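These numbers were taken from a predicted model, which means no experiment stands behind them. Just so we're on the same page: letters track the sequence lines, and every chain starts at 1.
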Protein chains: 2
Amino acid sequence: MSGHNDAIEDADAAIVEGKAPPSRGRPLDRERILSAAIDYIDDSGLAGLTMRRLGERLGVEAMALYRYVQGKDELLDGVVEALVDAMDVDSDVIDAPQDGWQDFVQRLAHGVRRVALAHPKAFPLIASRPPEAPWLRPPLRSLRWVEIFLAGLEAEGFSDEAAVASYRAFSSFLLGHLLLEVATLGADVGPLDVVDEAPEPEGLASYPHVQRLRPALSIDTSSVEFEEALEELLNRMALMRHETTHD
Amino acid sequence: MSGHNDAIEDADAAIVEGKAPPSRGRPLDRERILSAAIDYIDDSGLAGLTMRRLGERLGVEAMALYRYVQGKDELLDGVVEALVDAMDVDSDVIDAPQDGWQDFVQRLAHGVRRVALAHPKAFPLIASRPPEAPWLRPPLRSLRWVEIFLAGLEAEGFSDEAAVASYRAFSSFLLGHLLLEVATLGADVGPLDVVDEAPEPEGLASYPHVQRLRPALSIDTSSVEFEEALEELLNRMALMRHETTHD
DNA sequence: ACGGCTGGTTTACGTTGTAAACCACACCAT
DNA sequence: ATGGTGTGGTTTACAACGTAAACCAGCCGT
């Protein structure tokens, strides 16, 4: 299995001289745990993530994790929280100066997308765990984000209704699009583990259109489709803005 | 817990005269199992669904289920399959005569939505389980549907590209929108169980827009928002059609 | 030297999915 | 009637999971 267990025991015998603390290096903290969890999900799928295995990956016994995490649920919540944080780092939406709401929205969308694509197997968690506040929808689930979004739009003339409507349109667009993109990226979304490449859907022959268009139905890895859809959305938002704005 | 266990034992004693077979009525079949599973999820959440409990609900031991279902995974697949079937019954998309692709698409959308709202806690399964064919995306995951969709559009002048693009736009729209709708309906989406009503998100005070607009952020139970978004989509599809069509 | 904290391990238990063996009846040909 | 073969279920068993509870081992300031 591992082969570095012996290494650990070696250390166990060799700690006499260094200041080497028990298990490994620094004493483990919540952040290390969360990022280890994400790593694990990224390369072995959500289904395989288990307290014991996560512990093992960190060179520690499963129960050790419970000092930093309330339980598995809380750990998963922590994972989505971490992903969300990664998103705003990745979209520069907090500090970077924005020119116009379109730029802002675009930046946001791309930031979220980058993270989604970077962690295809973890992303669905965002959609599948209930947010802290029920009216806070994935993937924009942090209060800060929603605030920035709404404030940003209103600062540029969106009415309350227009801003809220835009928020909804934006988040549902992003969620749907990214979930589908991510799903065709080898994700095993959900409780199930990797399902090895379905051989050839039975009875394909009786569905001529599907059969003929099959290659086209696979998602393109390029971002062109996303780009176009996003463009659409921006237009739509622009319309919303003028429908109810009063400047 | 139940109190009809005794009833069963009564029957056990009383089977002498009737032809009453062992456990209960007819001898259990896959369909009964699946619909029991859906019922269970509907009123106790996906997380609580367990082979033993499902068996119990059917008046049978857990292992009995394995005669009709390969395992839990296969059972969950069965559940989504059942839901998808329910959708096409519910949207009359197979037999009912359609007048124009817009009507067709609208029917489809509403059929899917009805099922989603009828089973808010089960619907996310559709999004979370990998489809038989990887290019077959939720929520339109049956070959038949995709075929009908594509064929329907092409019959009315959509080019291959336009039809495929429409298919994608449609499914990602539907998925995103419904997932969000369903999520704010008391669903416990995913592996976690019901999380009891978050008390009041901490630090709400520092997010004025969010705070002020909070009621508006909750989804409206009416279908107006869905209707509008769908309308948007139809317009967009109409554009796609003429962009690449050649008649 | 010593009580207490910190960070971890051990042990233990209940619950889950499921393999394997087992059983009871119904049905049928002999 | 008599045995053989399904069919539809139960029993038993086990490994893996999440996690509570008790238990260490060093380090700390006094």
Flag, side chain of [X] to backbone of [Y], donor-acceptor distance under 3.5 Å:
X	Y	value
A:Y40	A:L46	no
B:K72	B:L49	yes
A:S142	A:W145	yes
A:E147	B:H209	yes
A:R141	A:P130	yes

Tell me which nucleotide among [options] gets nearest to the side chain of [X].
X	options	answer
A:T50	D:dT11, D:dG18, D:dT19	D:dG18
A:P27	D:dC17, D:dG8, C:dG8	C:dG8
B:M63	D:dT12, D:dT19, C:dG8	D:dT12
B:M51	C:dG8, C:dG17, C:dT10	C:dG17
B:A64	D:dG18, D:dG9, C:dG8	D:dG9

Figure out the [atom1]/[atom2] separation between [X] and [N], and round it to whole Å.
X	N	atom1	atom2	result
A:E61	C:dT9	CD	P	5 Å
A:E74	D:dG18	CD	P	15 Å
A:D73	D:dC17	CG	C1'	13 Å
B:R67	D:dT7	CZ	C1'	6 Å
A:L54	D:dT19	CG	P	13 Å
A:L58	C:dT9	CG	P	11 Å
A:I33	C:dG8	CD1	P	9 Å
B:Y66	D:dT7	OH	P	21 Å

Checklist entry - Given D:dG9, is OP1 or OP2 found less than 4.0 Å from the side-chain N or O atoms of B:Y68? => result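 B:Y68 to D:dG9 OP1/OP2: side-chain N or O found under 4.0 Å.
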Quick check on the helix from C:dA1-D:dT30 to C:dT30-D:dA1: what's the angle between its two end axes, five base pairs per end, to the nearest 10°?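 That helix has its two terminal axes inclined by roughly 20°.
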Which of these passes side-chain hydrogen bond (donor to acceptor under 3.5 Å, both in side chains) with A:D90: A:R113, A:H110, A:R107, A:R114?
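Considering A:R113, A:H110, A:R107, A:R114, a side-chain hydrogen bond (donor to acceptor under 3.5 Å, both in side chains) with A:D90 is found only for A:R114.
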Using a strict cut-off of less than 4.0 Å between a Lys/Arg side-chain nitrogen and an Asp/Glu carboxylate oxygen, indicate whether A:R137 and B:E181 qualify as a salt bridge.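 No, A:R137 and B:E181 are not salt-bridged.
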**Request:** Would you mind telling me which residue lines up with the more 5' stretch of DNA chain C, A:L65 or A:R52, judged by nearest nucleotide?
**Result:**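 In this pair, the answer is A:L65.
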Result for 5'-nearest mapping on DNA chain D, choosing between A:R53 and B:A62, is B:A62
